[in-house]
Amino acid sequence: MPAYHPQRIEPRWQAYWEEHQTFATPDLDRDRPKLYILDMFPYPSGAGLHVGHPEGYTATDILCRFKRMKGFNVLHPMGWDAFGLPAEQYAVQTNTHPRVTTQANIDNFRRQIKSLGFSYDWSREVDTTDPGYYRWTQWIFLKIHDTWYDRDFEWTDPQGRPRKGKGRPIAELPIPDGVDPDAYRDSRRLAYRAEVPVNWCPALGTVLANEEVIDGKSERGGHPVVRMPLTQWMLRITAYGDRLVEDLEIVDWPKSIRDMQRNWVGRSEGAEVDFPVVISGQPPAPPSGRFPDKPAENVIRVYTTRPDTLFGATYMVLAPEHPLVDRVTTPEHSEAVAKYREQAARKSDLDRTDLAKTKTGVFTGGHATNPVTGEPIPIWIADYVLISYGTGAIMAVPAHDERDFEFAKTFDIPIRAVVEPPADWLKANAPKEAPADLLAAYKADPGAFSGVFHDEGVSIQSRNDEFAMDGMPTAEAKPAVTAWLAEKGLGKKAVNYKLRDWLFSRQRYWGEPFPVLLDESDRVSPVGEDELPVLLPDLDDFKPTGTPEPPLSKAREWVRYSEKLRREINTMPQWAGSCWYYLRYIDPNNTERPWDPEKEKYWLPVDLYVGGAEHAVLHLLYSRFWHKVLFDRGLVSTPEPFQRLVNQGMILGETEYTAYRDPAGAWVAAASVVQSDKGPIRKGDASATVLETVKLEEDQIVKKGEGFVLKDAPEIRVDARAHKMSKSRGNVINPDVVVSEYGADSLRLYEMFMGPLEAVKPWSMKGVEGVYRFLGRAWRMIVDYEAEEIALDQRVKDAEPTPEQAKLVARTIAAVGDDYEALRFNTAVSRLMEFVNAFTGAEVRPKAAMEAFTLLLAPMAPHLAEELWRILGHEKTLAYEPWPTFDPVLLKDDEVEIPVQILGKVRSKITVPADADAQAVEAAARADARVAALLEGKTVRKVIVVPGKLINFVAN
RNA sequence: GCCGAAGUGGCGGAAUGGCAGACGCGACGGAUUCAAAAUCCGUUGGGGUAACACCCGUGUGGGUUCAAGUCCCACCUUCGGUACCA
């Protein structure tokens with residue numbers, strides 16, 4: 001019985017915590033500092049918990065338990081992100097209602113998470129599919145719908161920085177004269193319907209956001225996605241582009257995530273320039289002197305980040321979908337143009353990127369005038385220009401842009417150099433038989449050079465009668481030419497974003513219904529707040545229709561709201577519920593409002609948010625956007641929701657050792673094998689023989705050089721790799737199995753001991769056994785494992801610790817506390833192991849030391865710690881015991897052993913008083929026999945003493 | 001291509017510019033046992049030595065420094081993100 005049996009201990013303590021509501025958090029507590037520590041809530045899939053989930057959850061749980069002992073009021077909730085595609089697909093497959101499967105999955109996830117002993121406040125559990133929750137998701141949508149973005153609004157943020165641009169109530173939108181006020185308001189709302197080219201995924205039967213499309217395939221499932229125009233709900237996230245970037249400065253997030261978000265928003269600065277179209281040989285009308293907001297009729301407006309290269313624009317390209325294509329196309333080219341546009345329309349984004357190698361396009365027959373040279377330049381259409389970025393048209397400068405260069409080479413369009421590259425670039429890229437004057441050669445024919453110079457340089461060949469920028473470095477030339485264009489009314493400075501507005505509707509059943517109504521002319525009116533929630537109607541047939549017609553169209557009664565009004569039948573995307581769940585946790589049962597403002601002020605922002613890096617742009621960008629709208633509308637008090645973000649690294653499967661055999665059974669060198677979807681094949685083998693993949697045991701391999709080889713056939717290299725866990729690979733670790741075999745504490749401890757929280761690391765069952773053994777040793781350090789009944793080990797007694805023990809206790813308390821604070825759990829485990837190693841050999845184990853150890857262990861292995869705490873004679877949970885303290889004097893040693901270096905190499909060691917000064921250390925070192933012998937006959941040029949650390953003689 | 005992170009024993013990993021390899025796994029040796037499991041105690045970067053000494057060693061090549069895994073420059077590899085974004 002008194003052996004360590006986690007299976008007996010753990011359920012008992014889980015029941016205790018639940019019964020005593022140990023981790024219920026008061027809504028407000030002004031006496032203690034607050035801490036809001038949040039996990040990314042899981043999507044409860046049918047596959048159950050993955051070992052990746054407990055990694056982040058354990059890290060936050062340790063910190064929460066630690067901080068409670070440190071006297072903080074800690075909010076630590078859990079919930080379910082339960083709307084979404086997989087639940088619906090599974091429901092369709094099994095012909096069960098998604099509500100049923102979702103509920104079952106949630107129950108399973110809850111059971112699994114509870115079995116790991118996390119200190120969540122379960123009274124705050126939220127479920128995004130609960131009408132009591134999505135009622136407020138709909139409410140927030142209405143707030144967004146009720147908001148417009150005032151770009152010129154000036155205000156001061158809580159950091160005291162002056163800011164420009166803010167979301168304001170639609171009622172405060174000034175209506176210009178002569179417009180329909182309702183239509184004008186609708187055109188300015190942050191939530192709007194628009195016909196846009198969308199990513200339609202036939203396999204999933206829905207449209208997808210840009211963020212959900214990767215390489216022309218759906219993020220989920222990898223199905224092809226095609227472009228088609230559809231009327232959809234959009235959220236005007238682009239209005240917040242600047243603030244989403246700027247406020248990355250005030251959050252404590254990993255640089256990589258901030259960079260990813262910055263790149264995703266993709267702000268660039270440049271200029272818009274108008275190129276007049278030449279109509280039937282007539283010269284264009286002279287510029288008006290003012291750059292209009294909308295381009296005049298016969299003008300192609302382009303966006304460029306390199307206005308300084310304007311003199312080198314030798315042609316223009318319109319996206320095939322550009323509205324001016326028909327107007328500029330001449331009759332003799334119209335057939336070719338029409339054909340090309342048709343082809344481009346049929347191509348999915350995937351095809352377009354596949355063909356990225358060779359540029360295609362056709363000449364329209366039309367010409368425009370380069371506004372600085374006055375020369376006519378041809379207008380082409382090509383699908384390397386995207387309608388969705390900038391103005392959908394470019395000025396092409398083949399000398400200084402690789403894409404334009406490639407296109408110009410293909411279609412034999414003149415290339416004109418307008419930026420002077422540095423001399424070494426010219427040298428490196430010059431053609432073989434170039435004359436001595438490389439610059440002259442470059443000016444004459446940049447197309448003959450082997451590279452394209454796209455960096456900044458110095459402007460050349462850039463002058464007309466009124467304006468010249470020759471000799472200007474790029475950084476000066478850009479504003480100079482932009483200013484000149486602005487003065488002429490031909491252009492102006494402009495900013496562009498890669499970020500597109502967020503496509504916010506889906507043609508699916510399992511999502512939040514939009515709380516809006518449409519009339520016969522599709523004009524939108526929101527439902528009243530008193531009508532929320534707009535319940536998702538029960539449907540027997542919730543299958544996607546296979547067309548862009550959403551399944552909710554089948555709920556005929558529900559759709560028909562009144563004689564004139566019908567309900568919106570699209571649903572919200574999965575991201576909607578997760579955009580604000582951290583706000584609902586602070587007041588989860590409020591039926592009057594989404595959250596109480598007092599509680600919001602107390603708890604926000606989230607102090608620490610831990611989750612996987614896969615949400616770097618999607619969820620984290622979307623929820624920041626919603627939060628900012630809520631902030632602008634005065635509904636939350638902080639500009640950012642998540643103050644600190646930490647990404648846990650992925651846990652890979654166990655390292656696999658693989659070799660290959662050909663069909664005859666002979667080993668094949670790994671280097672000659674490539675992976676294909678059929679399996680590994682031999683490189684360069686036209687018949688693509690499918691080889692046998694052989695997974696090897698560790699005793700079949702041996703280290704050689706950089707890697708491993710087969711023991712029996714040392715010429716065959718072995719692949720050693722840890723892969724992502726996946727069902728198909730069969731390397732998935734089920735947490736349930738680990739818990740039943742080794743206990744939750746071992747799983748928790750192992751996942752923390754594997755390595756740094758942020759690192760990607762492979763699983764090892766042997767490693768789990770290692771920490772399990774450690775917990776057994778800790779148990780036996782305190783508990784008499786040979787006794788019949790539970791009892792303290794006889795060596796544990798009320799005794800004064802030896803000086804060494806006292807020091808170890810103090811050092812361990814200090815180090816473990818520091819490690820917890822800094823989320824360095826792997827080294828915290830090491831410290832506790834060292835402690836146990838030291839006390840295992842001790843004949844006297846002072847009880848106070850054992851108690852301190854138990855409290856230090858508690859955040860990581862709470863079940864075992866609670867049990868030990870009770871055995872040590874305490875009745876109550878240790879969850880709120882004060883963190884152990886120590887006398888800082890004990891951290892200092894009286895004497896230290898320090899290395900003596902000669903020329904930087906350790907030659908001896910001496911023991912000196914810890915506070916010995918430089919002279920004393922040097923004297924002690926010189927007194928050392930070995931040192932004295934080695935210094936014999938050498939000149940000591942310099943002596944470096946780092947007191948308490950080392951001494952180095954520079955001598956030769 | 002671009003952005004970011006990381007390369008340390010057989011393996012996971014540890015090291016405010018100051019003794020590289022803490023802690024764990026694995027391996028080897030021993031104690032205990034009739035035997036095994038479990039447990040406990042040792043050894044374990046490579047070369048070298050009877051044992052010391054000594055030499056080499058943190059992806060590669062340079063540099064800064066009394067001293068570099070750590071800082072600087074160039075490169076290589078792996079992982080993550082992203083890509084006709086004008």
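When reading the values below, keep in mind they use all heavy atoms of this one structure, side chains included, and skip hydrogens, waters and symmetry mates. Bear in mind the structure is a predicted one, so any value in this text is a computation, not a measurement. Just so we're on the same page: letters track the sequence lines, and every chain starts at 1.
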*Of A/L934, A/V900, A/L935, A/I910, which meets side chain to side chain contact (heavy atoms under 4.5 Å, CB included) against A/D928?*
A/I910

*Does the separation of the ring centres of A/W779 and A/Y785 fall below 6.0 angstrom?*
no

Classify the nucleic acid contact of [X] as base, sugar-phosphate or nothing, counting any heavy atom under 4.0 Å across all strands shown.
| X | answer |
| --- | --- |
| A/N952 | base |
| A/S256 | sugar-phosphate |
| A/T305 | sugar-phosphate |
| A/R258 | nothing |
| A/E758 | nothing |
| A/G770 | sugar-phosphate |
| A/E402 | nothing |
| A/S268 | sugar-phosphate |

So which nucleotide does [N] pair with, by the Watson-Crick or G-U wobble rule with both distances under 3.5 Å?
| N | answer |
| --- | --- |
| B/G45 | B/C56 |
| B/A14 | none |
| B/C40 | B/G30 |
| B/G1 | B/U82 |
| B/U77 | B/A6 |

Mind checking the [atom1]-[atom2] spacing from [X] to [Y]? Nearest 0.5 Å is all I need.
| X | Y | atom1 | atom2 | value |
| --- | --- | --- | --- | --- |
| A/R831 | A/D818 | CZ | CG | 8.5 Å |
| A/R907 | A/Q901 | CZ | CD | 10.0 Å |
| A/Y315 | A/W380 | OH | CH2 | 8.5 Å |

Rounded to whole Å, please give me the gap between [atom1] in [X] and [atom2] in [N].
| X | N | atom1 | atom2 | value |
| --- | --- | --- | --- | --- |
| A/M260 | B/U82 | CE | P | 8 Å |
| A/E834 | B/A22 | CD | P | 10 Å |
| A/E751 | B/C23 | CD | C1' | 18 Å |
| A/I910 | B/C19 | CD1 | P | 15 Å |
| A/Q261 | B/U82 | CD | P | 12 Å |
| A/D259 | B/C2 | CG | C1' | 12 Å |
| A/L903 | B/C54 | CG | P | 14 Å |
| A/R941 | B/U65 | CZ | C1' | 17 Å |

According to a strict under-4.0 Å criterion, is [X] in side-chain N/O contact with OP1 or OP2 of [N]?
| X | N | result |
| --- | --- | --- |
| A/R930 | B/C54 | yes |
| A/K905 | B/G18 | no |
| A/R907 | B/A53 | no |
| A/R721 | B/C79 | yes |

[M] and [N], which share atom name [atom1], separated by this distance in whole Å:
| N | M | atom1 | value |
| --- | --- | --- | --- |
| B/G18 | B/C25 | P | 29 Å |
| B/G29 | B/G13 | P | 29 Å |
| B/G69 | B/U16 | C1' | 15 Å |
| B/U65 | B/C72 | C1' | 12 Å |
| B/A22 | B/C76 | C1' | 30 Å |
| B/G42 | B/U78 | P | 43 Å |
| B/G57 | B/G47 | C1' | 10 Å |
| B/A38 | B/C52 | C1' | 39 Å |

_Between the side chains of A/E656 and A/R729, is the shortest nitrogen-to-carboxylate-oxygen separation below 4.0 Å, so that they form an ion pair?_
yes

*Is a salt bridge present between A/R267 and A/D242, judged by a nitrogen-to-oxygen distance below 4.0 Å?*
yes

*Between A/W763 and A/T655, is any pair of side-chain heavy atoms under 4.5 Å apart?*
no

Do you know which two heavy atoms are closest between [X] and [Y], and how far apart they sit?
| X | Y | result |
| --- | --- | --- |
| A/F835 | A/F853 | CD2-CD1, 3.4 Å |
| A/I237 | A/W502 | CG2-N, 3.8 Å |
| A/N826 | A/F753 | O-CD1, 3.7 Å |

*With nearest nucleotides of RNA chain B determined for A/L950 and A/V954 from heavy-atom distances, which residue corresponds to the more 5′ nucleotide?*
A/L950

_Nearest-nucleotide comparison on RNA chain B, the residue closer to the 5′ end among A/I898 and A/S388_ = A/I898

_Contact pattern, 5' to 3', of nucleotides 10-16 of chain B - B, S or - by protein heavy atom under 4.0 Å_ = SSBSS-B

*For nucleotides 31-44 of chain B, just jot down a letter per nucleotide in 5' to 3' order: B, S or -, based on protein non-hydrogen atoms under 4.0 Å.*
--------SSS---

*Going by the ring-ring contact (aromatic ring centres under 6.0 Å, His included) test, name the single residue among A/F405, A/F407, A/Y389 that passes it with A/Y384.*
A/F407

*Name the closest nucleotide to the A/Y389 side chain, picking from B/G4, B/C85, B/C23.*
B/C85

*From the list B/C85, B/G18, B/C3, which nucleotide is the closest neighbour of the side chain of A/R403?*
B/C85

_With syn defined as a glycosidic angle within 90° of 0 and anti as the rest, where does B/G9 land?_
syn

*Does the pair A/F953 and A/V931 meet the rule for a side chain to side chain contact (heavy atoms under 4.5 Å, CB included), with working shown?*
CA-CA 10 Å; A/F953 288 99; A/V931 175; 3.9 Å; yes

